[in-house]
Amino acid sequence: MADSPIDIRVIAHFDIDCFYAQSEVLRCPSLRGRPVGVTQKFLVVTTNYIARSLGVPKMVSIDEAKKVLPALVLVNGEDLTPYRAESKQIMAVLGRYGVVQRSGLDEGAVDITAQVKARLQCGFPALSFSSHILGWEAVSGEPGNDSGGTFVNVDSTKLELEKISGVDTALLVGSQVVSEMRSAIEKETGFQCSCGVAQNKMLAKLASSLNKPSKQTCLLSGAVERFIAPLPARKIPGVGRQTEAILLDLGVQTITDLKKVSVCQLSERLGARIGQFLYDACRGRDYTPVLDKGPPKSITVEDSFRNCTTLQQAEGILRVLAPDLIKRLDEDRVETGRRPKSLTLKWRVQGPKWNFISVSTDLPVELLSPSLSKEQRAAVAVEVASRLLLRNLGHSFHLVVLNIGATNFVETSTSDPAVRDIRSFLQAQGNSPRKELKVTSKNDARARRESFKTMTSALPAGPTGAVLGLNFSAVADSQKTPDTHIFGSGHVGDEYQLSNSSDEEDGWRDLADQLKSGVRASCPTATNFTQTQSYKDVSDQLQSQQSTDLLHSKSIFKTSHPAKLKQFFVENEDVMKLESPDSQRAGVTNTGGLHFRTQTAGSSRIANSIAKREVVPESTSQKKKRKSRNGTLDAFVIRK
DNA sequence: CTGGGGTCCT
DNA sequence: AGGACCC
């Protein structure tokens with residue numbers, strides 16, 4: 001059954017050797033050949049293999065390490081930024097060979113089944129790689145070595161092909177693939193790694209730790225049982241201290257012991273899920289697929305310290321952490337387009353209790369607003385976190401760890417990689433939206449809205465920043481339908497069109513249709529939509545939601561859906577940030593999304609600017625009519 | 001003299 | 001919100 005070709009999987013588990021230490025040596029070549037340790041606070045969190053050979057393991061105190069090896073070179077590794085960047089490079093290489101499931105910065109499983117199958121399509125491929133292989137004797141006729149596997153330089157001539165099962169064939173070819181992957185990683189990133197090749201994630205991981213550093217280990221099917229049998233149950237990934245203690249209580253030390261316990265007994269003590277998991281694991285079974293978990297589900301920054309007993313001290317720490325968090329959230333936004341909805345604060349107090357206390361709250365939108373500086377946004381974070389601390393701890397506390405982060409990421413219009421790709425495409429193409437932009441069914445309101453978002457997302461900031469103010473009231477006058485929405489898009493010197501409709505989404509569709517049908521909009525602006533409604537209502541609503549940008553503008557936006565409008569801004573802030581020096585000179589203000597005029601049309605500078613752009617002020621009579629209705633906005637019409 | 005992160009489950 | 005687990 002498991003040998004049916006359709007069930008065969010080849011999983012490779014990669015583990016970068018002493019990742020932080022290797023990273024430091026790579027970036028500072030003078031460290032090469034010397035014993036190196038990477039420190040965080042008082043701890044040497046990892047050492048390179050030279051240091052290990054001289055008696056310094058990882059996770060020892062600095063004092064201890066120095067005592068054992070005074071020559072140990074210590075590098076501070078508290079800032080993970082370079083490690084994150086290097087990890088990303090490495091994962092990208094792995095990703096070329098199959099789906100990658102990361103775990104931490106330095107590890108990952110890759111499903112290389114497809115690679116293997118492709119190579120087996122034209123018969124048994126030529127092999128040439130070095131590996132430790134468990135179960136070697138069964139495929140070669142040569143004697144085997146049970147402890148760490150037999151080290152062999154494999155070439156096809158050593159194999160007794162007719163003896164080899166389908167699974168083992170696949171694993172051997174997989175080892176060839178892995179050998180090439182390791183070369184690619186080293187060539188492209190400089191990093192050496194160890195790797196395990198087996199039929200599933202768990203076995204691959206166990207195999208990968210068997211031979212280090214810079215070695216690969218293949219676990220053939222015939223060796224699985226005798227390989228895992230003597231291992232302590234604790235070695236099973238997922239069995240930690242607590243589970244181990246419970247198992248010991250059941251008289252279980254090794255995997256062999258574990259095999260003798262029934263699922264029922266295990267489930268009784270550990271719950272059905274863990275019970276079943278252990279039952280499978282000790283038999284070498286792991287059916288879980290290699291899954292790309294995507295971008296992180298939480299982004300946090302933390303620091304530990306000894307002496308934090310006042311709110312002022314805590315704020316001092318937060319002022320260090322907050323800018324880091326903001327920076328990482330900004331990077332995440334660029335990469336993924338999503339935005340976090342929750343802010344979390346975690347801390348640990350001094351004392352025997354080891355655990356964290358955590359609280360979360362709605363993440364203030366200001367934290368992500370592109371119109372606020374990083375410093376302003378960091379200040380908001382400090383403020384919120386500080387209040388959270390005060391509320392939960394009062395004035396008397398003794399913190400030793402403080403962690404602030406963001407979670408509950410939600411997708412936005414820019415989360416779709418296709419959208420971001422189109423945007424890059426357009427930028428590369430010199431701002432020319434063309435047929436590549438797709439418009440979906442006209443009858444599906446949601447699809448149209450998405451389509452609009454796609455369109456506007458794709459619009460790059462252009463050199464002239466042409467702005468077509470959307471003058472709802474002027475055109476509405478001519479239409480004699482005060483509630484009409486008007487949408488437009490265009491560019492200086494380009495053709496432009498206006499459309500109106502009684503529905504916002506229709507308007508979006510119209511814009512999308514225009515772009516699709518080839519209306520040349522080499523630098524279209526974001527458009528806007530409005531509807532007549534009480535200014536005060538909107539103002540109040542926006543104010544209550546602390547939309548400082550919009551209020552600051554002192555201009556009027558009217559919509560029957562203020563919440564919707566707000567939501568649109570919030571979701572599209574980055575898209576709407578289409579702003580250029582010219583647009584400012586033209587008297588156009590960018591308010592977190594809407595381009596509109598704030599000056600009276602009577603200003604000659606503005607008037608000239610408008611005239612040059614073939615955008616002319618509305619007529620005095622139109623203006624009067626409109627002013628009698630709402631009094632403030634200077635509108636202008638766009639004349640073809 | 002026990003980092004600075006993460007995941008998932010309950 | 002906390003706990004167990006992972007690196």
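First the proteins, then the strands, lettered A, B, ... as listed; each starts at 1.
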Base, sugar-phosphate, or nothing: which does A:Glu64 touch, judged by heavy atoms less than 4.0 Å apart? nothing

Nearest-Å distance for atom pair CG/P, residues A:Leu402 and B:dG4: 12 Å

Taking A:Arg338 first and then A:Glu411, would you say they form a salt bridge - that is, a charged N and a carboxylate O separated by under 4.0 Å? no

Is the distance from OP1 or OP2 of B:dG6 to the nearest side-chain N or O of A:Thr300 less than 4.0 Å? yes

Without decimals, in angstroms, what is the distance between A:Lys66 NZ and B:dC1 C1'? 16 Å

The nucleotide from B:dG4, B:dT10, C:dA1 with an atom nearest the side chain of A:Ser360 is C:dA1

How long is the line joining NZ of A:Lys327 and P of B:dG5, in whole Å? 12 Å

Against the side chain of A:Ser61, the closest entry in B:dC1, B:dT7, B:dG5 is B:dC1

Readout for nucleotides 2-7 of chain C: B = base within 4.0 Å of protein heavy atom, S = sugar-phosphate only, - = neither; 5' to 3' it is SSSSSS

Quick check for you: to the nearest 0.5 Å, what is the distance between A:Lys293 atom NZ and A:Ser103 atom OG? 10.5 Å

Closest nucleotide among B:dG5, B:dG4, B:dT7 to the A:Glu78 side chain: B:dG4

Please determine if A:Asp111 and A:Lys201 form a salt bridge, counting it only when a charged side-chain N lies under 4.0 Å from a carboxylate O. no

Check step by step if side-chain hydrogen bond (donor to acceptor under 3.5 Å, both in side chains) holds for A:Gln176 and A:Ser179. CA-CA 5 Å; A:Gln176 173 71 40; A:Ser179 153; 4.9 Å; no

What's the CZ-C1' distance between A:Phe409 and B:dG6, to the nearest Å? 13 Å

In whole angstroms, the gap separating C1' of B:dG4 from CE of A:Met59 amounts to 10 Å

Should A:Lys341 and A:Asp362 count as an ion pair when the cut-off is N to O under 4.0 Å? no

Could you tell me whether A:Arg102 contacts a base, only the sugar-phosphate backbone, or nothing, with contacts defined as non-hydrogen atoms closer than 4.0 Å? nothing

Do we get A:Arg273 above A:Phe277's six-membered ring, with its NZ or CZ under 6.0 Å from the centre and within 45° of the axis? no

Side chain of A:Arg273 only, please: which of B:dG3, B:dC9, B:dT7 is the nearest? B:dC9

Taking only side-chain N and O atoms of A:Lys41, does any of them lie within less than 4.0 angstrom of OP1 or OP2 on B:dG4? yes

Just the rounded figure in Å: distance from C1' of B:dG4 to CG of A:Asp324. 12 Å

From OH of A:Tyr83 across to P of B:dG6 the rounded distance in Å is 15 Å

Provide, to the nearest angstrom, the distance between the NZ atom belonging to A:Lys293 and the C1' atom belonging to B:dG5. 18 Å

Closest nucleotide of DNA chain B for A:Leu43 versus for A:Glu302: which of these residues is on the 5' side? A:Leu43

Students often mix this up, so state it plainly: with edges at 30° and 60°, are the rings of A:Tyr83 and A:Tyr20 parallel, tilted or perpendicular? parallel

